**Student:** 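Quick one: the structure is below, and I'll ask about it shortly.
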Amino acid sequence: MPMYDAGDLSPPFLGLTDCRVDVGDRRLLDIPELDLSSGGVTAIMGPNGAGKSVLLRVFHGLVAPGTGTVKSDGAPQSPERLRRQSLVLQTPVLLRRTAEANVRFALRTRRLPIERTAELLARVHLADKARTPARRLSGGEQQRLAIAQALAIEPSVLLLDEPTASLDPAATLMIEDILRDTAASGVRIVLVSHDASQARRLASEVIFLSKGRVVEQAEAKTFFDTPKSAAAQDYLAGRLTT
């Protein structure tokens, strides 16, 4: 079941207008108009090469569209708003230091109180790993440490690119619990996921991409129960992988 009812969805907070991203003669994204609804978790889904990760990076300012506008609360995205966003990648980028040193570094970078280190580690269930070098943490623990770093800036938006793709079920469910708590605290989450079961558990809204285009956008329950596009139907049935 989705975490939020349809009634919790409110006006758009992130969006695109006339967005195109090209690499050479290949078009990675072609989105005339897209608005993400506030409230809950948006899952970005689609087959391999659909443009999911590119879309996430456009929202975070890491990929500049060749044409078009990235919007925040209906206006062009601003540096101030970008500073309130955090991005967690599938493969965590961590310092070769202890878990607590990684969180302190994230806090110092934004000139925030390092006294929050213990609270952030506890929030991702790593309090007992504070003195452990990041390289000695398991894959799931490293991903939780990356989430702690992302939460250090007290973001209003948390973007995640398949954060559980290589993790076992127990580690996946632990991260999902952290994301539920984070969303419940008011942080808006946008999650790229290839896992339909995960999207069912977490999402209030689904954006479905195919070949760089938004094929379908719907409340999660509607998308999974009655997908309208042939591409989404094929994807959910396991017939569309690229």
Side-chain angles (χ1 to χ4, degrees), residues 6 8-91 93 150 153 155-163 165 183 187-194 199 202-220 222-223 227-232 234-235 240-242:
D8 292 321
L9 299 180
S10 52
F13 79 108
L14 275 178
L16 301 172
T17 300
D18 296 326
C19 177
R20 293 177 181 82
V21 176
D22 297 322
V23 173
D25 59 356
R26 182 185 175 200
R27 180 149 292 175
L28 303 183
L29 283 183
D30 188 352
I31 302 177
E33 191 72 32
L34 175 64
D35 289 309
L36 276 62
S37 297
S38 296
V41 175
T42 292
I44 300 175
M45 303 186 69
N48 294 334
K52 303 183 297 295
S53 295
V54 177
L55 177 57
L56 205 69
R57 283 158 174 76
V58 168
F59 279 138
H60 200 52
L62 297 180
V63 172
T67 65
T69 303
V70 183
K71 300 179 295 183
S72 177
D73 295 324
Q77 180 72 284
S78 67
E80 291 75 17
R81 179 58 184 264
L82 282 174
R83 285 179 58 83
R84 294 298 309 280
Q85 290 185 181
S86 287
L87 173 65
V88 177
L89 301 173
Q90 180 178 340
T91 302
V93 178
I153 69 165
S156 58
V157 178
L158 177 61
L159 310 171
L160 303 105
D161 192 357
E162 302 208 39
V187 178
R188 187 65 175 81
I189 293 177
V190 182
L191 170 73
V192 168
S193 179
H194 70 282
L202 292 178
S204 54
E205 174 186 47
V206 173
I207 308 295
F208 183 79
L209 299 180
S210 181
K211 298 179 180 178
R213 295 175 177 269
V214 177
V215 176
E216 196 159 344
Q217 178 178 9
E219 294 171 12
T222 299
F223 176 80
K228 294 181 174 59
S229 65
D234 287 344
Y235 179 81
L240 180 64
T241 57
T242 57

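Because the structure is predicted, anything quoted here is derived from the model rather than measured.
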**Student:** Show the nearest heavy-atom pair for residues Ala183 and Val41, with the distance to one decimal.
**Tutor:**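 Heavy atoms only, the tightest pair is CB-CG2, 4.2 Å.
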
**Student:** Applying salt bridge (Lys or Arg N to Asp or Glu O under 4.0 Å), which residue pairs with at least one partner in residues 48-68 are found, sequence neighbours left out?
**Tutor:**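 Residue pairs passing salt bridge (Lys or Arg N to Asp or Glu O under 4.0 Å), neighbours aside: Arg57-Asp161.
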
**Student:** Tell me every residue that passes side-chain contact (heavy atoms from CB on, under 4.5 Å) with Ala232, counting only those two or more places apart in sequence or in another chain.
**Tutor:**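 By the side-chain contact (heavy atoms from CB on, under 4.5 Å) rule, Ala232 matches Phe208, Glu216, Phe223, Pro227, Ser229.
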
**Student:** Once salt bridge (Lys or Arg N to Asp or Glu O under 4.0 Å) is applied, what residue pairs with a partner in residues 74-88 remain, sequence neighbours excluded?
**Tutor:**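 For residues 74-88: Asp73-Arg81.
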
**Student:** Below 4.5 Å, heavy atoms only, C-beta onward: do Leu191 and Pro163 meet side chain to side chain?
**Tutor:**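 Yes. Closest side-chain heavy atoms under 4.5 Å.
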
**Student:** Once you round to the nearest 0.5 Å, how far does CG of Leu159 lie from CG of Leu56?
**Tutor:**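 With rounding to 0.5 Å, CG (Leu159) is 4.5 Å from CG (Leu56).
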
**Student:** Not counting sequence neighbours, which residues clear salt bridge (charged side-chain N to carboxylate O under 4.0 Å, His left out) with Arg20? List them please.
**Tutor:**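 Salt bridge (charged side-chain N to carboxylate O under 4.0 Å, His left out) list for Arg20, sorted by chain: Asp30.
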
**Student:** Nearest heavy-atom pair of Ala203 and Ala220: which atoms, and what distance?
**Tutor:**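 Heavy atoms only, the tightest pair is O-CB, 3.3 Å.
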
**Student:** Going from CG on Leu36 to OG on Ser72, what distance comes out if it is rounded to the nearest 0.5 angstrom?
**Tutor:**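 Leu36 atom CG to Ser72 atom OG measures 11.0 Å (nearest 0.5 Å).
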
**Student:** Side chains of Leu55 and Leu34, heavy atoms from C-beta outward: is any pair under 4.5 Å?
**Tutor:**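 Yes - at least one pair of side-chain heavy atoms lies under 4.5 Å apart.
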
**Student:** Run the side chain to side chain contact (heavy atoms under 4.5 Å, CB included) check on Ile207 and Val190 step by step: do they pass?
**Tutor:** CA-CA 10 Å; Ile207 308 295; Val190 182; over 6 Å; no

**Student:** Check step by step if side chain to side chain contact (heavy atoms under 4.5 Å, CB included) holds for Leu202 and Ile189.
**Tutor:** CA-CA 10 Å; Leu202 292 178; Ile189 293 177; over 6 Å; no

**Student:** Would you compute the distance between atom CD1 of Ile44 and atom CD of Glu205 and round it to the nearest 0.5 angstrom?
**Tutor:**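 Ile44 CD1 to Glu205 CD: 9.0 Å, rounded to 0.5 Å.
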
**Student:** Which pairs of donor and acceptor atoms, one on a side chain in residues 60-71, lie under 3.5 Å apart (sequence neighbours left out)?
**Tutor:**
from: His60; atom 1: ND1; to: Gln85; atom 2: NE2; distance (Å): 3.1
from: Thr67; atom 1: OG1; to: Asp18; atom 2: O; distance (Å): 3.2
from: Lys71; atom 1: NZ; to: Thr17; atom 2: OG1; distance (Å): 3.3
from: Lys71; atom 1: NZ; to: Glu33; atom 2: OE2; distance (Å): 2.7
from: Lys71; atom 1: NZ; to: Asp35; atom 2: OD1; distance (Å): 3.2

**Student:** Would you name the heavy atoms of Gly49 and Arg26 that are closest together and state the gap between them?
**Tutor:**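 In terms of heavy atoms, the two residues are closest at O-NH2, 4.2 Å.
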
**Student:** Decide yes or no for Val157 and Phe59: does some side-chain heavy atom of the first lie under 4.5 Å from some side-chain heavy atom of the second?
**Tutor:**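 A side-chain contact under 4.5 Å is absent here.
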
**Student:** Using atom types as modelled and distance alone, determine if a side-chain donor or acceptor of Arg188 lies under 3.5 Å from a backbone N or O of Gly40.
**Tutor:**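 Side chain of Arg188 to backbone of Gly40, a donor-acceptor pair under 3.5 Å: yes, one is there.
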
**Student:** Taking all non-hydrogen atoms of both residues, which atom of Gly212 and which atom of Ile31 are closest, and how far apart?
**Tutor:**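 So the minimum-distance heavy-atom pair works out to O-CG1, 3.9 Å.
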
**Student:** Which residues pass the side-chain contact (heavy atoms from CB on, under 4.5 Å) test with Ala230, sequence neighbours left out?
**Tutor:**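 Applying side-chain contact (heavy atoms from CB on, under 4.5 Å) to Ala230 gives none.
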
**Student:** Search all heavy atoms of Ala150 against all heavy atoms of Leu158 and return the closest pair with its distance.
**Tutor:**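 Looks like CB-CD1, 3.8 Å.
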
